[in-house]
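Because only heavy atoms are used, hydrogens play no part in the values below, and waters and symmetry mates are left out as well, while side chains stay in. Bear in mind that the values here come from a model prediction, so they are computed numbers and not experimental data. We number each residue from 1, following the sequence as shown.
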Amino acid sequence: MSWNQFTLASADSASLSSRVAAVSRIDSSMEVWWVAPNGSVQGAYWYEGSPWRRYELAPAGSASANGGIAAVSRVPGSMEVFFVGANGSVQDRFWYEGSTWQGFELAPAGSASTTGGIAAVSRIPGSMEVWYVGGNGSVQDRFWYEGSTWQGFELAPAGSASTTGGIAAVSRIPGSMEVWYVGGNGSVQDHFWYEGSTWQRFELSPPGSASTHSGVTAVSRIPGSMELWYVGGNGSVQDRFWYEGSSWQGFELAPAGSASVTTGLAAVSRVPGSMEMWFTGGDASIQDHFWYDTSSKNFDQDVTTDIAIGGSVHVVMRQDGFFSFSTHAHDSGFDNIDYTISAAVLTPDGHVFTFQHSGHTEGTVAGLPFGTPDRNDDFTFVGNNPEITARWDGILNGTFKASLDATDTLAAGVTGALGDLVKAVLAAAGKAAADAVVKLVS
């Protein structure tokens with residue numbers, strides 16, 4: 001499927017020098033907020049089955065038309081929006097299911113740079129933390145824990161941050177938070193906190209590395225990794241990444257002149273093996289850079305039968321030829337059951353890789369009169385085959401099917417069960433026959 005688009009708010013709805021914030025608090029809803037040219041804060045929301053609807057969260061003059069906005073959803077029935085006020089205050093608007101939007105002033109007038117950024121995370125359901133650039137170039141931290149009031153402290157002193165630059169934050173694990181911002185000298189600064197310790201800091205990129213008028217964005221796609229992007233002073237886009245057990249490393253994602261030096265960036269990691277990042281180009285275009293982990297491919301499927309046994313299949317194939325085949329079976333009935341799980345990966349050019357395991361589960365009868373039946377049966381096989389490397393591009397786009405055949409249904413035997421599955425996966429792809437069948441586990 002190709003990308004689609006539409007206009008959510010008509011021309012002149014948003015300030016050209018402010019930011020946009022968004023959350024998805026439940027999987028059937030999305031919510032977006034932005035600052036309008038008149039300093040109002042506008043919201044739009046979508047619920048599955050209904051069109052997008054609009055509302056005004058804060059009236060004209062409430063927000064700086066050049067400042068930041070951030071949002072979190074700490075629990076499914078709650079959303080919280082933070083923005084820089086026109087007078088340099090920090091404003092909080094919150095919503096709880098069953099009530100209307102309410103708000104208060106989190107920090108008074110003059111606290112925040114009216115051209116600086118703001119970031120927020122909720123590392124655990126009962127906590128929120130907000131960071132913003134002060135009018136004096138400091139970095140301020142405000143935090144809330146359920147059962148207590150908002151409190152705060154100065155994370156970095158006056159002159160630390162660019163008053164026209166961005167700030168980003170992630171919580172990669174519940175006991176950790178990391179914050180990045182553009183320094184007043186064009187450096188990129190990193191502050192991190194681990195539960196049980198105090199905030200610490202280091203310089204991620206030296207002076208002159210980043211545009212002092214642009215943003216930073218970050219994601220943590222897996223608990224042991226963080227990735228950060230910022231706009232260089234020459235309009236390049238820089239990438240810095242960290243993997244647990246290693247030090248920070250980096251590279252140039254887009255060359256000089258690619259990005260506007262006065263714009264922001266945004267990024268998401270929708271699945272653990274993917275990252276996507278957007279920025280405004282030097283020609284006022286919107287550029288999209290995306291990454292998919294193509295060094296390994298996962299296939300998963302639940303399998304069921306008409307009798308009291310079910311299970312799941314997990315296959316991992318790697319570009320270097322290694323693979324693993326894992327199965328789980330569970331007997332939920334009275335009888336003991338012999339079973340066979342079969343799986344097949346079909347490449348577009350007609351090569352089929354097959355996997356098969358036969359096992360046994362115990363029903364209630366096995367525990368009579370006093371014992372406990374072993375209802376679960378788990379199996380894992382790890383191997384290597386050069387055909388995986390040779391057919392890697394096809395495997396990345398492969399079709400996967402799995403089946404579970406048990407005592408009462410396995411009329412054609414183990415070989416027949418795998419043959420039937422291969423026919424099924426070929427039929428699903430519209431192919432009459434396989435060009436080759438590679439048996440990886442049998």
Side-chain angles (χ1 to χ4, degrees), residues 1-11 13-24 27 29-35 44-46 52 68-71 117-119 121 165-170 172 180 182 188 204-205 209-211 213-222 225-243 249-298 393 396-397:
M1 180 180 290
S2 60
W3 284 88
N4 294 290
Q5 69 176 59
F6 65 96
T7 301
L8 180 60
S10 60
S13 294
S15 166
L16 290 174
S17 50
S18 187
R19 280 80 165 179
V20 177
V23 297
S24 174
D27 57 14
S29 173
M30 297 179 287
E31 200 127 352
V32 182
W33 302 270
W34 67 92
V35 178
Y45 60 92
W46 172 89
W52 281 91
I69 187 168
I118 189 167
V121 297
I167 189 166
V170 297
R172 65 179 185 89
W180 301 269
V182 177
V188 177
L204 181 60
S205 296
S209 298
S211 166
H213 296 273
S214 188
V216 291
T217 190
V219 297
S220 175
R221 66 179 186 87
I222 54 176
S225 171
M226 295 178 287
E227 200 125 355
L228 173 82
W229 299 268
Y230 62 89
V231 176
N234 60 359
S236 62
V237 177
Q238 300 294 321
D239 184 308
R240 298 294 180 268
F241 60 91
W242 173 90
Y243 282 84
Q249 301 180 58
F251 63 96
E252 187 172 83
L253 181 63
S258 298
S260 165
V261 294
T262 58
T263 190
L265 310 94
V268 297
S269 174
R270 65 177 185 85
V271 293
S274 168
M275 294 180 288
E276 200 129 354
M277 193 272 295
W278 302 266
F279 61 90
T280 303
D283 58 357
S285 62
I286 300 294
Q287 299 293 321
D288 183 312
H289 286 242
F290 59 91
W291 173 90
Y292 283 85
D293 185 0
T294 56
S295 61
S296 65
K297 177 72 174 179
N298 291 6
D393 288 343
L396 288 176
N397 298 289

Mind listing the closest non-hydrogen atom pair of [X] and [Y] along with its distance?
X    : Y    : value
A210 : V188 : CB-CG2, 3.9 Å
T217 : A267 : OG1-N, 3.3 Å
W34  : A9   : CZ2-CB, 3.6 Å
R19  : G165 : NH2-O, 3.9 Å
F279 : A254 : CZ-CB, 4.2 Å
W33  : A71  : CZ3-CB, 3.6 Å

Could you go step by step and tell me if F241 and M275 meet the side-chain contact (heavy atoms from CB on, under 4.5 Å) rule?
CA-CA 12 Å; F241 60 91; M275 294 180 288; over 6 Å; no
Should H213 and V261 be marked as a side-chain contact (heavy atoms from CB on, under 4.5 Å) after you check the CA-CA gap, both sets of side-chain angles, and the distance that decides it?
CA-CA 6 Å; H213 296 273; V261 294; over 6 Å; no
Could you give the distance from OG (S205) to CG (L228), rounded to the nearest 0.5 Å?
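Going from the OG atom of S205 to the CG atom of L228 covers 7.5 Å.
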Rounded to the nearest 0.5 Å, what separates atom CD in Q238 from atom CG in L204?
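If I round to the nearest 0.5 Å, the distance is 10.5 Å.
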My understanding is that only residues two or more places apart in sequence, or in another chain, count here; which of them pass side chain to side chain donor-acceptor pair (under 3.5 Å) with W180?
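Expected list: D190.
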Residue list, side chain to side chain donor-acceptor pair (under 3.5 Å) with D293, at least two apart or on another chain:
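Checked D293 against side chain to side chain donor-acceptor pair (under 3.5 Å); matches are S295.
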For [X] and [Y], indicate whether the former's side chain and the latter's backbone hold a donor-acceptor pair under 3.5 Å.
X    : Y    : result
R240 : Q249 : no
S24  : S29  : yes
S269 : S274 : yes
S220 : I222 : yes

Side chain to side chain contact (heavy atoms under 4.5 Å, CB included) partner of Y230, the single match among S209, S236, S214:
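Only one option passes, and that is S209.
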Quick one, L396 and Y292 - any side-chain contact, counting heavy atoms below 4.5 Å?
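The answer is no, as the side chains (C-beta and beyond) never meet within the 4.5 Å cut-off.
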Taking the side chain as everything from C-beta on, heavy atoms only, tell me whether M277 gets closer than 4.5 Å to D239.
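They are not in side-chain contact.
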Please check if atom CZ in F251 has more than 12 non-hydrogen atoms from other residues, nucleotides or ligands closer than 6.0 Å.
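Buried by this count: over 12 neighbours within 6.0 Å.
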Are there over 12 heavy-atom neighbours, none belonging to D27, within less than 6.0 Å of that residue's CG?
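Result for CG/D27: open.
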